[in-house]
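Heads up: the structure comes next, in structure tokens.
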Amino acid sequence: MICQQCGKKNDSDAVFCVGCSQPLLITCPSCSTQNPGDARFCKRCRTELGDASEAAHASRLQDLRESAPDELQEKLKLTESDIEGQRKPVTIVFTDIVGSTAIAEKLDPEVWKEIVVGAHRCVGEAVYRYEGTIAQLLGDGVLAFFGAPITHEDDPIRAVRAAMDIQASVEEYGREIAGIVDVFQMRIGINTGTVVIGEIGTDMHVEYLAIGDAVNVAARLQSAAEPGEVMLSEPCARLVSAEFDLKDLGEITVKGKAEPLQAFELISVKAEPETGRGIEGLPTPHVGREEEVEKLQSSLLSLCDGHGQIVTVIGDAGIGKTRLLEEVKAIICEAEGDSEATKISPS
């Protein structure tokens, strides 16, 4: 498949150009069928493609973005002037409807279009719930980013939680349309990688240029996933393994990749999440903080006696602020015989 943007030759099943990262398919605005980038008419419903198709597709994407909560839209506007041109680590979520071509062939194009819009709504609501961004619509698939333009320390975890919510919502949606579609499921692939942020508009429109093949990896994982499954790459799994039970699928071979990918299946949220901090099996005691620990102990003891105080512990993420408070609290609990100190929680 030849990219209409840069002329690069790509594999026949490629979703994005390996040369410029642009989508290689044109989505029909009437039936959501994906057509080759040089197609003039939809191969399924004969709708004329080109500028009119792109305008309709952009309108659908804009409608989905505008469905985001007002509070999230305000946050997005506040980030516009700060992130343009930045290279940012993001977690990429790629969703796609299972067997969409076979389903669409049995339905009127208008009916199929409405079903796809409903599926997109399921995805959008979950993505926006965790303050992610809808980057592109690719036929019946959705590409979302967590970490741009709004950044959180736990963006990979947010992405996985959103994926779980999407699957739950799609399962319920499938029951709603049971009389029209016998089986309605999604596959989801998630990868953590790097993107460069392009021009930011005031209407939640964000141009993303993928660096390397970060988006392609998410797309390949989605294609390899079983119906109803969420498949994670090794970089993403490493960042979320403290929160979720994952099944190591080993190395899988996917089209377009010379080397196999290490893949993981999302099973569930852990009953007892781990801290996710530090290096497993390696103790990391606090060094040179005796005076600070004593001050914190004194403040907590005063609190137990009814004298309120505000203590601020400042430091980079992951250096042990929460663990320090937990250790001090444990000392106080032991000294006080499980007193009111047990109610002290880090925030």
State, with a plain yes or no, whether a side-chain heavy atom of [X] is found less than 4.5 Å away from one of [Y].
X: D248; Y: L246; value: no
X: V123; Y: M186; value: yes
X: S233; Y: Q262; value: no
X: V230; Y: M164; value: no

Derivation of the side chain to side chain contact (heavy atoms under 4.5 Å, CB included) call for D154 and E243: CA-CA 11 Å; D154 61 344; E243 292 276 343; over 6 Å; no
First locate atom [atom1] of [X], then atom [atom2] of [Y], and finally report the distance between them rounded to the nearest 0.5 Å.
X: F94; Y: Q136; atom1: CZ; atom2: CD; result: 8.5 Å
X: D155; Y: I150; atom1: CG; atom2: CD1; result: 9.5 Å
X: I188; Y: L232; atom1: CD1; atom2: CG; result: 10.0 Å
X: K106; Y: D182; atom1: NZ; atom2: CG; result: 6.5 Å

Can you tell me if [X] uses its side chain to pair, donor with acceptor, with the backbone of [Y] under 3.5 Å?
X: T133; Y: A148; result: yes
X: N191; Y: V217; result: no
X: E131; Y: L72; result: no
X: S298; Y: E294; result: no
X: K270; Y: S241; result: yes
X: Y130; Y: I157; result: no

Heavy atoms from other residues, nucleotides or ligands near CD of E176 exceed 12 (cutoff 6.0 Å): yes
Which heavy atom in [X] sits nearest to a heavy atom in [Y], and how many Å separate them?
X: I134; Y: G124; value: CD1-CA, 4.2 Å
X: E229; Y: A225; value: OE1-CA, 3.3 Å
X: L221; Y: I190; value: CD1-O, 3.5 Å
X: P260; Y: T253; value: CB-OG1, 4.4 Å
X: F244; Y: R161; value: CZ-CG, 3.6 Å
X: Y173; Y: I115; value: OH-O, 2.9 Å

Salt-bridge criterion met for K295 and E291 (N-O under 4.0 Å): yes
